[in-house]
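Notes to accompany the following structure.
For the numbers below, each heavy atom of this structure counts, side chains included, while hydrogens, waters and symmetry mates do not.
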Amino acid sequence: MTEIAELVSIAFAAAIVSNPVLTWFLGICPFLGVSRRLDTAFGMGAAVTFVVTVAATLTFLVQRWVLAPAGLEVLQYVAFILVIAATVQLVELWIRRFQPDLHEAFGAFLPLITSNCMILGTCLLIWLRGHDTLPRAVVYAAASGVGFTLALVLMAGLREELEEADVPGPFQGAPITLIVAGILALAFMGFAGMGRA
Amino acid sequence: MSGTPKEPAPEGSAPILPEPSALDAATSPHLAVGTAGIGTAMRDVLVGLAPAAVMAVVLFGGRAAVHLAVAVAAAVATEALACRLRRRPTTVGDGSAALTGLLLALSLPVSLSPGATALGAVVAVGLGKAVFGGLGQNPFNPAMVGRAFLAACFPVAMTTWVEPAGLDGWSGATPLVAGDGGPVATAWQLLGGRVPGSLGETSGIALVAGGAFVLFRRAGDWRPTAGMLGAIAGIAALEAFIRGSAARGVVAHLGSGGALLGAFFIVTDPVTSPLARSGRWVFGALVGGIVMAIRLGGSYPEGVMYAVLLANAVVPLIDRLTAPRPLGGPMAPPSIVPAAALAVAPPGPPAETAP
């Protein structure tokens, strides 16, 4: 029971309190690039959530069973990048062959996700924050993906609204998006101290 | 509470857009606002805030008056400058910038430097409103943007509360900090305002009286207010039920911190709250829920500012979910994610080109 409570606390902290985008500033590229429309933002978020969960599981196993026993923790970054890139490609092949509908939905996003720093960041943060059992690592990764999706969807809703706004010329496009992102990040400061940081 | 509905209003709003056309006319919400448009509504809210402003000066002394004057002056000056930069007719006359400055000042502690107050007002009107295109276009409440900016810049000064006995007072914890072991302020102290806190948030009776005037004049909608206070009261009652005497209690939660100021003057802002009536209930309850989550679970003693900004960010989604269905119109179920979202391939390279 306490373990379940712990997992809930980890999930809440990963998705809301330490939102990967709005408190860690990870995955800013898709946050700004794919947040123009609500449906694509949601699709991107779902694809990232899926990939980060798979990638975190694999990198956890690689760290636990390969790098740590061999004393090669120094290769963590290289190994994780390799694993993530290979995972994304394999996942895409597999989905294209066996899940054509899912591939239709995720297709364009999967190659982009290879270079999403939020994936690598989450895989590394699992170790930095001491989530050292597999269930905790998987829950942390999945909840980070949900937090990423939340940030993208909030941003997309605001940007769709801003298309109607009479934004002054110099602030149109990227500047106003960054200002909104900054205000969102200020707002997320309010969650500080909740859950298992 | 510095704004106007999202659609340009019919009368009195001419300065906002260079060429108002017949198509700019908005519907019912404005017809209920007296006989005129934005100016009247803003004046009503300013009048509604007057008791709180007077109590701020009575309780905290002349320094409070300095804060109020500095904030209003800086906000109005920023608005005038923004209009000048865009080569548009000035919109200072509609009173919304003055209102933003007043609300900001009332939400600040008296011991803050007046320079910081001015900076907050400039950020509130500049980054909170002008960059989005001015009145009616901003997604976030400008006064709360300015306050969040100050809270991030001056975290210590923004949480140093002074007992309201003029400047001869002593610094002390707000009832929300000190009250972790039970209520420390009586209901009468909360009503009268003789508790530490921000300038305009301590005197419950002034806020309720002014707020009632605003709601009676329909310068603000009562639904977000009811939703927010209802959520706070409900969660506080639940807390009291679970924790017994260790809880602060419903009255203390409603009367302390920024709850009343936020409920009557901030969540009622028609610009940054949802369009539909049902959405406004949701919005108010969301603010109240986040306030209680931050008070009970977070590391800040109070969370009205954060709750308002977070709920502002959700407003576009609430609007989508609560869009009223025209009588006899189609029965399309509202959804944040259209059913087609996952079925339609997103724009990008076709599947065949993927490696």
Side-chain angles (χ1 to χ4, degrees), chain A residues 12 16-17 34 37-44 46-47 89 92-93 96 100-112 151 153-162 164-172 175-176 179-180 182-195 197, chain B residues 6 16-17 82 85-86 127-128 130-134 136-140 144-145 148-149 151-152 290-291 293-294 296-300 303-320 336-338 340-355:
Chain A
F12 181 73
I16 305 280
V17 183
V34 199
R37 290 195 38 197
L38 212 43
D39 47 359
T40 49
F42 188 81
M44 182 67 173
Q89 297 307 325
E92 207 207 341
L93 282 177
R96 187 161 57 176
D101 290 347
L102 202 59
H103 188 266
E104 275 290 293
F106 285 178
F109 295 128
L110 280 173
L112 292 175
V153 166
L154 286 181
M155 190 61 163
L158 288 164
R159 284 183 74 176
E160 286 196 355
E161 196 103 320
L162 282 179
E164 317 268 322
D166 177 29
V167 177
F171 289 101
Q172 281 170 11
I176 197 71
I179 289 171
V180 170
I183 297 175
L184 269 180
L186 277 179
F188 266 72
M189 285 173 64
F191 289 116
M194 290 185 208
Chain B
K6 309 205 175 196
I16 298 166
L17 292 174
L85 286 175
R86 292 194 78 184
L127 281 181
V131 298
F132 294 102
Q137 322 270 349
N138 48 298
F140 298 99
M144 292 300 100
V145 171
F149 180 82
I290 299 176
V291 166
I294 293 176
L296 299 178
S299 51
Y300 295 106
V304 170
M305 161 184 79
Y306 295 114
V308 168
L309 289 175
L310 289 164
N312 285 161
V314 187
V315 162
L317 304 181
I318 297 178
D319 271 339
R320 212 167 248 261
I336 291 179
V337 180
L342 284 177
V344 174
E352 287 70 30
T353 64

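Residue with the most contacts toward chain A among Gly128(B), Ala82(B), Ala148(B): Ala148(B) (heavy-atom pairs, distance under 4.5 Å). Between chain B and the options Glu160(A), Arg37(A), Met155(A), heavy-atom pairs under 4.5 Å are most frequent for Glu160(A). The residue among Pro175(A), Gly169(A), Ala165(A) with the most heavy atom pairs within less than 4.5 Å of chain B is Ala165(A).
Using a 4.5 Å cut-off between heavy atoms, Leu162(A) contacts chain B through its side chain alone, with no backbone atom that close. When heavy atoms are compared at a cutoff of 4.5 Å, Ala293(B) approaches chain A by way of both its backbone and its side chain. Both the backbone and the side chain of Leu158(A) come within contact range of chain B, with heavy atoms under 4.5 Å apart. Interface residue Glu164(A): only backbone heavy atoms are found under 4.5 Å from chain B.
Annotation: the span from Leu186(A) atom CG to Met144(B) atom CE amounts to 12.5 Å, rounded to 0.5 Å. To the nearest 0.5 angstrom, Met189(A) atom CE is 11.5 Å from Leu310(B) atom CG.
Counting all heavy atoms, side chain and backbone alike, Pro168(A) lies closest to Ala130(B) at CG-O, 3.6 Å. Nearest heavy atoms, Leu309(B) versus Ala187(A): CB-CB, 3.6 Å. Pairing each heavy atom of Val131(B) with each of Ile176(A), the nearest pair is O-CD1, 3.3 Å. Here the shortest heavy-atom pairing between Glu161(A) and Asp319(B) reads OE2-OD2, 4.0 Å.
The ring pair (Phe, Tyr, Trp, His ring centres under 6.0 Å) search around Phe132(B) returns none, not counting sequence neighbours. The ring pair (Phe, Tyr, Trp, His ring centres under 6.0 Å) search around Phe149(B) returns none, not counting sequence neighbours.
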